[in-house]
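Just so you know, ligand 1 is whichever comes first in the structure, and atom 1 is the first atom listed for that ligand.
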Amino acid sequence: MSFAQRHLLGIEPLSQSDITTILDLADIYAEKERSDAKSSDALRGLTQINMFFENSTRTQASFEIAGKRLGADVMNMAMQTSSVKKGETLIDTALTLNAMHPDLLVVRHPHSGAVDLLAQKVNCAVLNAGDGKHEHPTQALLDALTIRRAKGRLHRLNIAICGDIAHSRVARSNIHLLGKMENRVKLVGPPTLIPSGAADWGVEVYDDMREGLKDSDVVMMLRLQRERMDGGFIPSEREYYHRYGLDAEKLALAKPDAIVMHPGPMNRGVEIDGTIADDINRSVIQEQVEMGVAVRMAAMDLLARNLRAARKPQGVMV
Ligand code: ASP
């Protein structure tokens with residue numbers, strides 16, 4: 001196994017082999033998750049602190065379950081009631097927690113780059129659970145595992161990422177990962193929601209969804225992230241659904257066995273038709289959630305191995 005990372009801050013710094021190592025281990029955990037023997041002791045004796053400065057349902061629950069199944073002592077910091085509300089800076093909060101000797105810090109923050117900054121100040125492994133519109137590495141890894149299990153491979157696939165690309169850390173992490181694994185990546189959305197310069201990212205850009213979906217193996221839908229918008233980016237939700245909402249008619253342009261993905265939370269009737277989201281023959285949205293636990297177990301297990309190796313006293317040469 002080759003995974004020489006101290007933190008998991010994004011997909012950008014990872015190599016193809018780092019990604020494959022995480023996914024291979026996650027595959028083993030995914031099988032274990034489906035059995036009665038869910039627990040192991042890979043993180044026994046280690047302390048994991050989850051610090052979520054932004055709302056989360058899936059990611060926080062999944063990191064907590066992953067840590068507990070691996071035997072860690074898991075603590076969820078209630079950021080809403082912490083001293084952050086009294087004006088303490090992110091760094092001071094991190095230094096305070098660092099003094100309690102955690103081994104793994106899982107951090108979500110509304111500002112891009114905040115998690116990288118924090119990682120420079122602490123001496124434990126840091127996992128980015130989403131920072132602003134920058135990266136959400138475990139989401140891209142769980143998406144990759146879901147795709148690999150559904151399609152039998154993770155290269156040379158035709159993948160459409162659709163919707164609010166501009167405000168999406170999920171899109172950014174997926175673009176890095178799917179590009180590194182040599183897939184054809186297409187971004188589909190209104191020009192107001194496609195970042196300027198996207199055409200230089202090694203992807204194709206489409207504002208006509210019907211064109212963009214043609215021959216796709218994977219259709220990944222994204223939510224309109226209004227919390228990160230400072231103005232009107234779409235004329236109306238009705239108009240948006242008409243042009244960019246995934247319905248049966250548009251999905252028919254993708255390959256007949258194309259899978260439909262969504263990171264959640266989903267807005268039915270805005271970016272996706274509810275019946276497609278629930279169609280077990282096309283939608284892998286529940287598998288994504290399932291793979292989320294396995295991927296987070298794998299990532300924390302690998303980081304903990306590196307942490308333990310780095311802490312081991314070095315032998316004295318005589
Ligand atoms: N849950 C994902 C995120 O945290 C996607 C979203 O919020 O729409 O970025």
For D164, is there an ion pair with R228 - N to carboxylate O distance below 4.0 angstrom? no
Residue set satisfying side chain to side chain donor-acceptor pair (under 3.5 Å) with E31, at least two apart, ordered chain then number -> R149
Is the closest basic N to carboxylate O distance between K180 and D18 below 4.0 Å? no
Ligand 1: which protein N/O atoms lie under 3.5 Å from its N/O atoms?
residue	atom	partner	partner atom	Å
ligand 1	1 (N)	G264	O	2.9
ligand 1	4 (O)	R108	NH2	3.2
ligand 1	4 (O)	R169	NE	3.4
ligand 1	4 (O)	R169	NH2	2.8
ligand 1	7 (O)	R223	NH2	2.9
ligand 1	8 (O)	R223	NE	2.7
ligand 1	8 (O)	R223	NH2	3.2
ligand 1	9 (O)	R169	NE	2.9

By side chain to side chain donor-acceptor pair (under 3.5 Å), H134 pairs with (sequence neighbours left out) D131
Could I get the full list of side chain to side chain donor-acceptor pair (under 3.5 Å) partners for E239, not counting sequence neighbours? none
Cation-aromatic face contact R108/F52, 6.0 Å, 45 degrees: no
